[in-house]
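Each remark here refers to the structure printed beneath this line.
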Amino acid sequence: MAFSSHAQNASVSTNIIGYADFLTINAEGSYGFARHWTANAGFQFNPWSFKGDWGEARNDRRSVYAGARYWLWNIYSGWWFGGKLQWEEYNRGGFKYPETEEGDAYGVGAATGYSLMLHRNINLDFGLGLWGGYKKYTVYRCPTCGKIEEQGEKAFIMPNDFQLSLVFTF
């Protein structure tokens with residue numbers, strides 16, 4: 001009697017927390033190329049703006065990234081550490097003040113997390129990260145008036161990758 005084992009070498013996932021951030025659509029795919037390594041690529045997309053008594057609020061973005069994760073035990077199981085390259089086109093503001101900022105940001109990110117295996121093909125990932133780099137931006141007085149308050153280029157570092165992801169492995 002022969003036994004065979006089939007490891008999961010690929011995954012697709014979506015970050016549930018992303019949908020709580022103004023319904024940001026997101027997905028990530030990854031492929032395991034070694035016992036401890038996966039290559040990852042993903043996107044985030046948010047075209048929505050919301051109007052209310054406070055005015056107009058938005059967190060528009062188009063973002064793509066690619067990177068790798070190192071898994072301490074095996075891929076798609078347990079603790080991991082990752083790095084990535086990321087580009088984002090954004091327009092956000094109107095939450096507390098009427099100003100909005102739009103621009104392009106690009107840089108590198110680092111994250112860590114844990115993957116909890118719920119089923120042979122379903123995981124729940126928890127993670128936190130930072131990304132930093134360079135951005136070109138313009139700040140407007142209000143979302144619709146077009147009056148420029150400030151514009152320029154500068155370095156940034158900010159929290160990123162707040163993850164509670166549902167992962168399907170195959």
Side-chain angles (χ1 to χ4, degrees), residues 10-31 38-69 76 80 82-119 121-151 156-170:
S11 76
V12 292
S13 65
T14 189
N15 184 0
I16 298 163
I17 293 175
Y19 295 100
D21 180 14
F22 282 83
L23 304 173
T24 300
I25 300 163
N26 65 85
E28 178 179 281
S30 71
Y31 182 77
T38 56
N40 306 19
F43 74 92
Q44 298 174 345
F45 179 66
N46 186 332
W48 324 117
S49 63
F50 297 91
K51 294 183 180 181
D53 295 337
W54 66 88
E56 183 178 9
R58 64 180 57 227
N59 192 14
D60 296 356
R61 79 176 85 173
R62 281 154 295 288
S63 177
V64 293
Y65 60 89
R69 286 185 182 169
Y76 308 122
W80 54 264
K84 66 179 177 179
L85 298 173
Q86 182 170 330
W87 168 81
E88 178 174 276
E89 179 184 34
Y90 66 92
N91 183 343
R92 57 181 68 97
F95 300 104
K96 190 173 180 182
Y97 304 105
E99 291 89 13
T100 61
E101 179 181 324
E102 71 177 19
D104 289 289
Y106 46 92
V108 297
T112 187
Y114 186 83
S115 187
L116 177 65
M117 296 175 10
L118 300 177
H119 179 270
N121 297 100
I122 299 175
N123 291 3
L124 197 56
D125 274 9
F126 304 91
L128 292 170
L130 291 172
W131 84 297
Y134 198 70
K135 69 178 181 176
K136 295 180 181 182
Y137 67 95
T138 303
V139 177
Y140 296 97
R141 180 176 294 208
C142 67
T144 56
C145 68
K147 171 91 169 117
I148 295 175
E149 291 286 314
E150 175 187 353
Q151 65 186 91
F156 71 92
I157 188 164
M158 63 190 297
N160 191 15
D161 291 334
F162 295 106
Q163 291 183 17
L164 175 59
S165 296
L166 187 58
V167 182
F168 179 75
T169 62
F170 50 95

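Throughout, residue positions are numbered sequentially from 1 according to the sequence presented.
Residues Val64 and Glu89 form no side-chain contact, since every pair of their non-hydrogen atoms from C-beta on lies 4.5 Å or further apart. Side-chain contact between Asn121 and Phe168 is present, with heavy atoms from C-beta onward closer than 4.5 Å. Asn15 has its side chain out of reach of Gln44: every pair of non-hydrogen atoms, C-beta onward, lies at least 4.5 Å apart. Ile122 is not listed as a side-chain neighbour of Val167, based on a closest heavy-atom distance of 4.5 Å or more. No side-chain heavy atom of Met117 sits less than 4.5 Å from a side-chain heavy atom of Leu124. The shortest side-chain heavy-atom distance between Asn123 and Leu118 does not fall under the 4.5 Å cut-off. Residues Tyr90 and Lys135 meet the side-chain proximity criterion, which asks for heavy atoms closer than 4.5 Å. In this structure, the side chains of Asp104 and Trp87 come closer than 4.5 Å at one or more pairs of heavy atoms.
Test Glu149, Glu102, Lys147, Glu101 against Tyr140 for side chain to side chain donor-acceptor pair (under 3.5 Å) and you get one pass: Glu102.
Around the CH2 atom of Trp48, the shell of radius 6.0 Å holds no more than 12 heavy atoms that belong to other residues, nucleotides or ligands.
Side-chain contact check for Tyr76 and Ser30: at least one donor-acceptor pair (N or O, by modelled atom type) lies under 3.5 Å. Using a 3.5 Å distance cut-off with no hydrogens or angles, the side chains of Glu150 and Tyr137 do pair a donor with an acceptor. Between Ser165 and Asp125, the side chains place no donor N or O within less than 3.5 Å of an acceptor N or O (distance only, hydrogens not considered). With 3.5 Å as the limit, one finds no donor-acceptor pair spanning the side chains of Tyr65 and Glu88.
Interatomic distance, Thr14 OG1 to Leu164 CG, rounded to the nearest 0.5 Å: 10.5 Å. Atom OG1 in Thr112 sits 11.5 Å away from atom CG in Leu130 (nearest 0.5 Å). Distance check, rounded to the nearest 0.5 Å: CD of Gln163 to OG of Ser115 gives 10.0 Å.
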Item checked: Trp80 vs Thr38, side-chain contact (heavy atoms from CB on, under 4.5 Å): CA-CA, chis, key distance, verdict -> CA-CA 10 Å; Trp80 54 264; Thr38 56; over 6 Å; no
Next item on the list: Report the C-alpha distance between Arg69 and Asn40 in whole Å, list the side-chain angles of each, state the deciding distance to 0.1 Å, and finish with yes or no for side-chain contact (heavy atoms from CB on, under 4.5 Å).
Entry: CA-CA 7 Å; Arg69 286 185 182 169; Asn40 306 19; 3.2 Å; yes
Next item on the list: Would you check, one step at a time, whether the test side-chain contact (heavy atoms from CB on, under 4.5 Å) holds for Phe126 with Leu116?
Entry: CA-CA 8 Å; Phe126 304 91; Leu116 177 65; 4.3 Å; yes
Notebook entry, point to check: Does the side-chain contact (heavy atoms from CB on, under 4.5 Å) test come out yes or no for Trp131 and Ile157, once each step is laid out?
Noted result: CA-CA 6 Å; Trp131 84 297; Ile157 188 164; over 6 Å; no
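Taking the six-membered ring where the residue is Trp, Tyr134 and Tyr106 present tilted rings, their angle falling between 30° and 60°.
The existence of a salt bridge linking Asp21 and Arg61 is confirmed by a sub-4.0 Å separation between a basic side-chain nitrogen and an acidic carboxylate oxygen.
Residues Ala111 and Asp161 share a closest heavy-atom pair of CB-OD2, 3.7 Å. Taking each heavy atom of Asn160 and Lys84 in turn, the nearest pair found is ND2-NZ, 3.3 Å. Of all heavy-atom pairs between Asn46 and Phe22, the closest is ND2-O, 2.8 Å.
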